[in-house]
There are 2 protein chains.
Amino acid sequence: MDKQDRRRRPTISDVAAAAGVSPKTVSRVINNEPGVRAELADQVLAAISKLGFRRNTMASSLRSGRQTATIGLIIEDLANPFYSTIAATVANVARAHDTHLITVSSEEDPDLEQRQFLQLCQRRVDGMIIVPAGSDHSYTRSEVEMGMRMVFLDRPPSGILADSVVIDNAAGARSGIMSLLEDGHRRIGVVIDSPVIYTARERLAGVRSALAEAGIPYDDALVKVGVTNPEEAAHAIATMLDGVDPPTAFFTGNNRSTIGAIQELYRRDSDAALLGFDDFELATLMPRPLTVIAYDVQELGRAAARRLFERIGGDTSWPSETVIPTHLVQRGVQLLKS
Amino acid sequence: MDKQDRRRRPTISDVAAAAGVSPKTVSRVINNEPGVRAELADQVLAAISKLGFRRNTMASSLRSGRQTATIGLIIEDLANPFYSTIAATVANVARAHDTHLITVSSEEDPDLEQRQFLQLCQRRVDGMIIVPAGSDHSYTRSEVEMGMRMVFLDRPPSGILADSVVIDNAAGARSGIMSLLEDGHRRIGVVIDSPVIYTARERLAGVRSALAEAGIPYDDALVKVGVTNPEEAAHAIATMLDGVDPPTAFFTGNNRSTIGAIQELYRRDSDAALLGFDDFELATLMPRPLTVIAYDVQELGRAAARRLFERIGGDTSWPSETVIPTHLVQRGVQLLKS
DNA sequence: CCGGATAGAGACAACGTTGTCAACGACGAG
DNA sequence: CTCGTCGTTGACAACGTTGTCTCTATCCGG
């Protein structure tokens with residue numbers, strides 16, 4: 001075969017030799033530095049394309065001490081549409097800054113998150129966007145002191161002062177519940193993830209705030225916590241509907257639970273109202289009415305990325321918390337026919 | 001504030017000085033090389049954690065000439081669930097090889113794809129997985145000669161011999177259409193992307209093959225090509241249904257078109273059969289019956305990543321083409337009630 | 001025609017790490 | 001007691017690039 005077994009990559013010195021100049025002159029040409037005669041520059045460019053030279057980014061940023069033009073993104077699971085939307089948005093902002101994005105999954109494991117964080121530090125990324133899994137980020141402190149920039153996304157950091165971008169969870173849940181109350185619902189079933197998780201805690205707080213304001217007592221039998229997937233949500237809904245004095249409306253704390261609720265409510269032909277946190281792609285084709293607490297996921301990622309690049313650009317102002325607003329939207333396939 | 005303005009990162013020499021040993025000894029310790037007295041090693045480790053030293057990955061792989069433990073993934077759009085599933089799977093395989101993943105979007109622009117490819121080469125990634133946007137990849141040849149490994153995903157390469165992993169597009173479409181024919185359908189509307197795109201071309205070929213075998217003439221009025229989003233698909237469906245002798249069944253060439261078709265068919269209460277290429281997350285909750293041509297998206301990404309790491313590991317066998325099989329699945333919310 | 005300014009080019013060292021090899025003391029065999 | 005060996009340790013150079021400085025030739029005003 002014509003395989004010329006791993007030809008060595010040409011270096012700046014090879015180019016210099018081929019063009020009959022010094023390595024430094026080649027460096028000047030590839031960096032568009034002034035002070036090279038046009039004629040010589042042409043020779044160098046010719047040699048570069050003849051040899052197929054590509055400057056070694058690692059050597060370059062090692063020597064120059066400049067940015068590595070790489071940022072890191074630590075999320076729970078890239079396969080989740082919420083996170084992949086964020087990753088796509090962050091990558092777009094990064095590209096506008098000629099920066100590459102390394103995405104790693106923490107799989108909700110605080111230990112793994114920490115290991116991934118340190119590995120990215122070793123790579124000398126210019127900064128990181130973190131969706132925290134753990135609840136203590138003091139381990140980042142020494143890295144921050146040495147110049148690592150971080151922005152926390154979707155959940156605030158703890159044990160360290162840093163920028164964050166979050167959704168207005170409590171207000172969103174609160175306004176959603178209030179709208180159910182206005183519609184006359186008095187028994188509202190709540191299906192939500194474990195309050196260990198920041199977003200679940202905040203959303204539940206929003207629910208309680210709305211109920212308290214309406215003078216409706218908080219009924220433990222109507223609140224199921226620790227629900228993490230559609231099946232558990234469907235089961236929780238079923239249990240509540242089968243109980244005495246069943247709810248006339250449900251609040252589900254995230255889109256996974258909402259999916260489970262739709263399945264169960266549709267299966268039973270139940271006409272209970274459904275309010276879910278998080279919009280999702282095919283919500284308009286769901287076989288029953290529902291209301292979702294929506295927000296701009298792209299804006300969430302964009303805001304975090306922008307903040308990060310401000311920091312990388314030299315911003316040393318006091319850490320900020322950006323809050324993304326929510327709004328209520330009607331969903332369900334019945335809207336198509338009207 | 002207590003900001004100690006960008007403390008310099010400690011190097012191996014700083015650790016050496018703190019531990020009273022030579023830099024080489026520190027290097028031996030952090031690389032778990034034998035031949036260091038336990039006592040000395042402890043001193044070194046103490047100095048490392050005291051100073052918060054993190055080995056500079058770039059300097060390390062520059063000097064050692066070893067792999068950079070980074071691979072690249074070039075896709076069209078990370079926000080698309082198909083690609084994000086692939087990205088997640090590839091990242092998982094990469095993590096098992098202690099490798100980081102840089103994901104970049106080509107946005108279906110061949111020029112951008114080429115630029116991204118070259119940038120990743122400059123970073124000296126160990127290999128790349130590419131979902132080709134362009135139709136000529138001869139520009140990769142010089143890089144391949146210099147040792148860059150590539151695996152093409154979802155579409156085969158052109159102008160270069162390389163590994164690829166693709167779906168069995170033609171056979172999938174063919175068997176789907178044959179199943180429609182068995183159900184007695186004779187007029188089948190086809191809504192598909194531009195045949196410039198490999199997958200659309202193959203799927204259309206599968207359709208024609210099945211029709212030809214059944215002796216059904218190919219009717220141009222029943223084939224709409226160049227459809228890229230749900231709205232166009234819905235419109236194409238509407239036009240065909242409003243024509244004379246409308247179809248009794250539709251084939252949509254990808255999940256975006258399928259969504260558009262569902263919307264239009266549901267809106268009209270049409271009972272036309274629907275067959276769509278690609279399964280999708282909430283297909284089980286769609287408000288009408290449909291059949292999807294499904295395949296294991298994760299397996300697609302996993303196979304490509306595995307092949308890439310085989311190459312990185314030194315495999316120099318002849319390039320292979322892996323074909324992922326498809327199968328037909330019934331979807332739609334009506335299945336929930338049975 | 002001279003002195004100083006200026007532009008162009010290269011020599012050299014350094015970024016942080018690690019491969020190579022030499023140096024050292026301790027040890028056992030002869 | 002001597003020699004070779006082994007186990008440790010360090011000195012040095014090099015990976016590919018670029019910042020700093022020096023050197024040379026050219027140009028201008030006087």
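Fair warning: this is a prediction, and the values are worked out from it, not measured in the lab. Letters A, B, ... are given to chains in the order of the sequence lines, protein chains preceding strands, and every chain is numbered from 1.
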Does B:S60 put a side-chain nitrogen or oxygen below 4.0 Å from OP1 or OP2 of C:dT17?
-> no
A:R9 CZ to D:dC15 C1', straight-line distance once rounded to whole Å = 15 Å
Going from CZ on A:R149 to CD on A:E143, what distance comes out if it is rounded to the nearest 0.5 angstrom?
-> 12.5 Å
From CG of A:N56 across to C1' of D:dC15 the rounded distance in Å is 9 Å
Nearest nucleotide by nearest heavy atom, which residue falls closer to the 5' end of DNA chain C, A:G35 or A:P23?
-> A:G35
Assign each of B:L62 and B:V21 to its nearest nucleotide of DNA chain D by heavy atoms, then name whichever residue's nucleotide is nearer the 5' end.
-> B:V21
4.5 Å side-chain heavy-atom contact, B:R115 and B:Q119 = no
Hey, would you say the A:H137 and A:F152 ring centroids sit under 6.0 Å apart?
-> yes
Looking only at C:dA9, C:dG16, C:dT18, the nucleotide nearest the A:R37 side chain is C:dA9
At under 4.0 Å between heavy atoms, what does B:R124 touch on the DNA or RNA strands: base, sugar-phosphate, or nothing?
-> nothing
At under 4.0 Å between heavy atoms, what does A:E33 touch on the DNA or RNA strands: base, sugar-phosphate, or nothing?
-> sugar-phosphate
Nearest of C:dT18, D:dG19, C:dC15 to any side-chain atom of A:K24?
-> D:dG19
Among D:dT18, C:dT18, C:dG16, the nucleotide that comes nearest once only the side chain of B:A59 is considered | C:dG16
Assign the ring pair A:F117 / A:Y139 to parallel, tilted or perpendicular, where the plane angle (0 to 90°) is split at 30° and 60°.
-> perpendicular
Output yes when at least one side-chain N/O atom of B:S22 is less than 4.0 Å from OP1 or OP2 of D:dG10, else no.
-> yes
Nearest-Å distance for atom pair CZ/C1', residues B:R8 and C:dA14 = 13 Å
Distance, rounded to the nearest Å, where B:L40 contributes CG and C:dG25 contributes C1' = 15 Å
What nucleic acid atoms does A:R28 come within less than 4.0 Å of, heavy atoms only: base, sugar-phosphate, or nothing?
-> base
Check for a donor-acceptor pair, side chain of A:T99 on one end and backbone N or O of A:H97 on the other, with a separation under 3.5 Å.
-> yes
Of B:P34 and B:S64, the one whose closest DNA chain D nucleotide lies more 5' | B:P34
Residue-phosphate contact under 4.0 Å: A:T25 side-chain N/O, C:dA9 OP1/OP2 | no
For atom CZ of B:R123 and atom P of D:dG16, their distance in whole Å | 18 Å
For atom CD1 of A:I12 and atom P of C:dA14, their distance in whole Å = 19 Å
Heavy-atom pair with the smallest gap, counting every atom of A:T57 and B:R123 | OG1-N, 3.7 Å
Looking only at C:dG16, D:dT17, D:dT18, the nucleotide nearest the A:T11 side chain is D:dT17
Atom pair distance, as rounded to whole Å: CG in B:N31 and P in C:dT20 = 14 Å
Per the atom types in the model, does the base of D:dT18 pair as donor or acceptor with the side chain of A:R63 at under 3.5 Å?
-> yes
Could you state the atom-to-atom distance from CE of A:M58 to P of C:dA14 in whole Å?
-> 22 Å
Does a nitrogen or oxygen in the side chain of B:R55 sit under 4.0 Å from OP1 or OP2 of C:dT17?
-> no
